[in-house]
Number of protein chains: 2
Amino acid sequence: MDAKEMLRAHIAKHAMLTDPEYDYVFEHFKPLSFKKGQVIIQEGDQVNYEYFVITGCLKTFYINEDIKMHILQFAMPTWWASDYNALYTQSKATVNLDCITDVELLCLSNEDREKLCGEIHQLEHFFRWRTNGGYVASQKRLLSFMNNNAKTRYEELLQMYPQLYNLVPKHLIAAYLGVSRETLSRLYNAQKM
Amino acid sequence: MDAKEMLRAHIAKHAMLTDPEYDYVFEHFKPLSFKKGQVIIQEGDQVNYEYFVITGCLKTFYINEDIKMHILQFAMPTWWASDYNALYTQSKATVNLDCITDVELLCLSNEDREKLCGEIHQLEHFFRWRTNGGYVASQKRLLSFMNNNAKTRYEELLQMYPQLYNLVPKHLIAAYLGVSRETLSRLYNAQKM
């Protein structure tokens with residue numbers, strides 16, 4: 001499936017666009033490639049774009065005062081990523097976005113998203129449900145942080161991203177869970193038994 | 001300002017509805033009153049409604065395995081509350097919603113929201129931006145939990161809900177911040193100086 005078909009199948013989960021409507025929408029997406037390790041958004045940047053992942057894996061992360069990295073989200077194929085706080089409120093980025101692997105993305109500007117949503121009601125419907133999904137995932141992650149049980153957080157992570165353990169370096173998985181490398185190994189070995 | 005005017009002013013921040021459109025939308029909202037301490041949603045419930053606060057204050061919360069309460073959100077006038085995971089995915093409630101004070105609410109069903117969004121493009125636009133705002137707030141709260149600095153969390157809370165300290169019992173504020181009552185007193189006194 002090529003990038004155009006992937007995005008279409010993704011949108012079709014929530015909205016029905018005609019062929020000419022989809023062709024028009026797709027014209028506003030710009031294909032981009034980045035190499036492993038490249039930085040897409042850095043704290044303090046102006047943020048004007050969001051990214052739909054075609055291949056590879058991104059991470060959004062935050063470095064705290066003690067220079068410890070916390071991972072907010074991994075973005076795999078068909079996931080979206082940006083600093084949405086900065087994007088929606090037109091403020092400076094407070095998180096970073098970079099590439100865990102080589103990636104191919106489709107990129108959409110804030111301005112084009114708003115224009116397209118105003119022109120095509122079904123696309124506005126899609127983006128409402130896209131954000132509903134993000135909101136729910138974010139609330140779940142918050143709950144699991146509050147519950148503060150590393151084992152449950154680990155199981156939820158595997159459920160959400162089944163292939164993650166093979167794709168992503170272990171220290172990044174530990175940074176997502178907020179646990180040490182040793183705790184992660186213990187959880188991994190317990191789960192295999 | 002009565003309930004109908006409050007909701008209209010709130011929607012008008014993101015969407016323009018004509019008078020007949022707004023009258024039609026408002027017909028789908030049902031006014032409800034609850035007493036302090038009443039439970040609106042309980043873990044395990046089927047969830048079909050979301051609530052717009054006219055007067056008073058709600059909390060969504062979660063009781064973990066150690067019977068410790070964690071507060072996800074306070075909802076003050078013009079805020080919305082529900083178990084959105086349960087509401088959007090039609091699964092059982094995983095959090096609780098109850099009344100910190102006597103409250104007056106407007107209640108909208110899942111079905112009516114979807115029907116109205118399909119009928120009125122501007123209303124779909126409003127709900128998209130309402131959820132965008134919720135998503136951003138949720139990501140911010142997640143970041144501040146990861147950063148794990150009680151002082152910053154306290155300052156962010158006061159910024160988001162300036163009157164909270166006078167309205168809400170101190171043990172609930174501590175449960176929102178994930179700190180002890182003693183830590184909260186220390187933060188409060190430091191801030192007054």
Side-chain angles (χ1 to χ4, degrees), chain A residues 14-15 43 60-66 68-73 80 82-89 91 94-95 110 113-114 117-149 151-152 175-178, chain B residues 14-15 43 60-66 68-73 80 82-89 91 94-95 110 113-114 117-149 151-152 175-178:
Chain A
H14 288 296
E43 268 189 74
T60 47
F61 64 103
Y62 172 75
I63 308 285
N64 77 1
E65 286 166 13
D66 307 328
K68 192 172 158 191
M69 178 173 64
H70 295 277
I71 294 180
L72 263 129
Q73 197 203 347
W80 297 78
S82 187
D83 178 337
Y84 281 101
N85 177 37
L87 189 68
Y88 289 150
T89 67
S91 54
T94 55
V95 296
N110 208 27
R113 178 187 6 83
E114 291 308 306
C117 282
E119 288 170 347
I120 303 172
H121 186 169
Q122 276 287 302
L123 196 71
E124 182 122 53
H125 181 77
F126 164 75
F127 275 107
R128 178 166 69 87
W129 274 97
R130 197 274 311 256
T131 305
N132 284 353
Y135 178 68
V136 162
S138 176
Q139 291 286 96
K140 271 191 180 167
R141 186 142 158 69
L142 194 53
L143 267 177
S144 84
F145 251 93
M146 287 175 162
N147 197 21
N148 202 25
N149 174 326
K151 185 168 168 290
T152 309
Y176 179 93
L177 294 171
Chain B
H14 288 298
E43 268 189 72
T60 47
F61 64 102
Y62 172 74
I63 308 286
N64 77 1
E65 285 166 15
D66 307 327
K68 192 173 159 193
M69 176 173 67
H70 296 277
I71 295 181
L72 264 129
Q73 197 203 347
W80 297 78
S82 187
D83 178 336
Y84 281 101
N85 178 36
L87 188 68
Y88 289 149
T89 67
S91 54
T94 54
V95 296
N110 209 26
R113 179 187 5 85
E114 290 309 304
C117 282
E119 289 170 346
I120 303 173
H121 186 169
Q122 276 286 302
L123 196 71
E124 182 123 52
H125 181 75
F126 163 76
F127 275 108
R128 179 166 67 87
W129 274 98
R130 196 275 311 258
T131 305
N132 284 352
Y135 178 68
V136 162
S138 177
Q139 290 286 97
K140 271 190 180 171
R141 186 141 158 70
L142 194 54
L143 268 177
S144 83
F145 251 93
M146 288 175 160
N147 196 20
N148 202 24
N149 174 327
K151 184 168 169 291
T152 309
Y176 179 94
L177 295 171

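Letters A, B, ... are given to chains in the order of the sequence lines, protein chains preceding strands, and every chain is numbered from 1. As a basis for the values below, the full set of heavy atoms in this structure was taken, side chains included, without hydrogen atoms, waters or symmetry mates.
- From A/Q139, atom CD reaches atom CD of B/Q139 across 10.0 Å, with rounding to the nearest 0.5 Å.
- Residue contact with chain B, scored on non-hydrogen atoms closer than 4.5 Å, involves the side chain of A/K140 exclusively.
- The shortest side-chain heavy-atom distance between A/H125 and B/E114 falls under the 4.5 Å cut-off.
- When the candidates B/F127, B/Y88, B/Y84 are compared by the number of heavy-atom contacts under 4.5 Å with chain A, B/Y88 comes out ahead.
- Minimum heavy-atom separation, B/R128 to A/C117: NH2-CB, 3.5 Å.
- Of the inter-residue distances, the one linking A/E124 atom CD with B/W129 atom CH2 reads 10.0 Å to the nearest 0.5 angstrom.
- At a 4.5 Å heavy-atom cutoff, the contact between A/I71 and chain B is made by backbone atoms alone.
- Taken from OH in B/Y135 to CG in A/N132, the straight-line distance is 12.0 Å, to the nearest 0.5 Å.
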